[in-house]
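Worth knowing before you read on, the calculation uses all heavy atoms, side chains too, and leaves out hydrogens, waters and symmetry mates.
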Amino acid sequence: PPAGGNAFIQLAHQWMAATLNVLNGASSTPEVDTALATGKDLLDDYPSVPSAKSIPKALQQQMRSLAGTLGSYNEGLIGPGHCDEQNPL
């Protein structure tokens, strides 16, 4: 993520992609399941996208950590891997 980027937006992007992957049948891990549940709770706390400066620093760190976990899942580094790795042509 870019320095000074909005942790809420970073989490939202990774959370949406991971949720779609799971809904599409990708297997998950307990760590990913926890990140999805916690991420949803944090995203639900804001009725609209907050400015980066309005999010407390500790919460920004938590959001970035969750986004990192979900990003690793979305990139195939944890969990089932990329689809092309499971189903080579």
Identify each donor-acceptor pair in which a side-chain atom of residues 52-60 lies under 3.5 Å from a protein atom, sequence neighbours left out, and give them as a table.
| residue | atom | partner | partner atom | Å |
| --- | --- | --- | --- | --- |
| S54 | OG | S51 | N | 3.4 |
| S54 | OG | S51 | O | 2.8 |
| S54 | OG | S51 | OG | 3.3 |
| Q60 | OE1 | R64 | NH1 | 3.3 |
| Q60 | NE2 | A52 | O | 3.0 |
| Q60 | NE2 | I55 | O | 2.7 |

Extract all donor-acceptor atom pairs below 3.5 Å that involve side chains of residues 13-20 and protein atoms in other chains or at least two apart in sequence.
| residue | atom | partner | partner atom | Å |
| --- | --- | --- | --- | --- |
| Q14 | OE1 | N74 | ND2 | 2.8 |
| W15 | NE1 | L36 | O | 2.9 |
| T19 | OG1 | W15 | O | 2.8 |

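Looking at S65, its side chain never comes within 3.5 Å of a backbone N or O of Q61 through a donor-acceptor pair.
Listed here is the closest heavy atom pair of T69 and A35: CG2-CB, 4.0 Å.
From L11, atom CG reaches atom CG of N6 across 10.0 Å, with rounding to the nearest 0.5 Å. In this structure, L42 CG and Q62 CD are separated by 4.5 Å, a value rounded to the nearest 0.5 Å. With rounding to the nearest 0.5 angstrom, the OG atom of S28 is 3.5 Å from the CG atom of D33.
D44 meets the salt bridge (Lys or Arg N to Asp or Glu O under 4.0 Å) test with K40; sequence neighbours excluded.
Side-chain contact check for F8 versus D45: every heavy-atom pair is 4.5 Å or farther apart.
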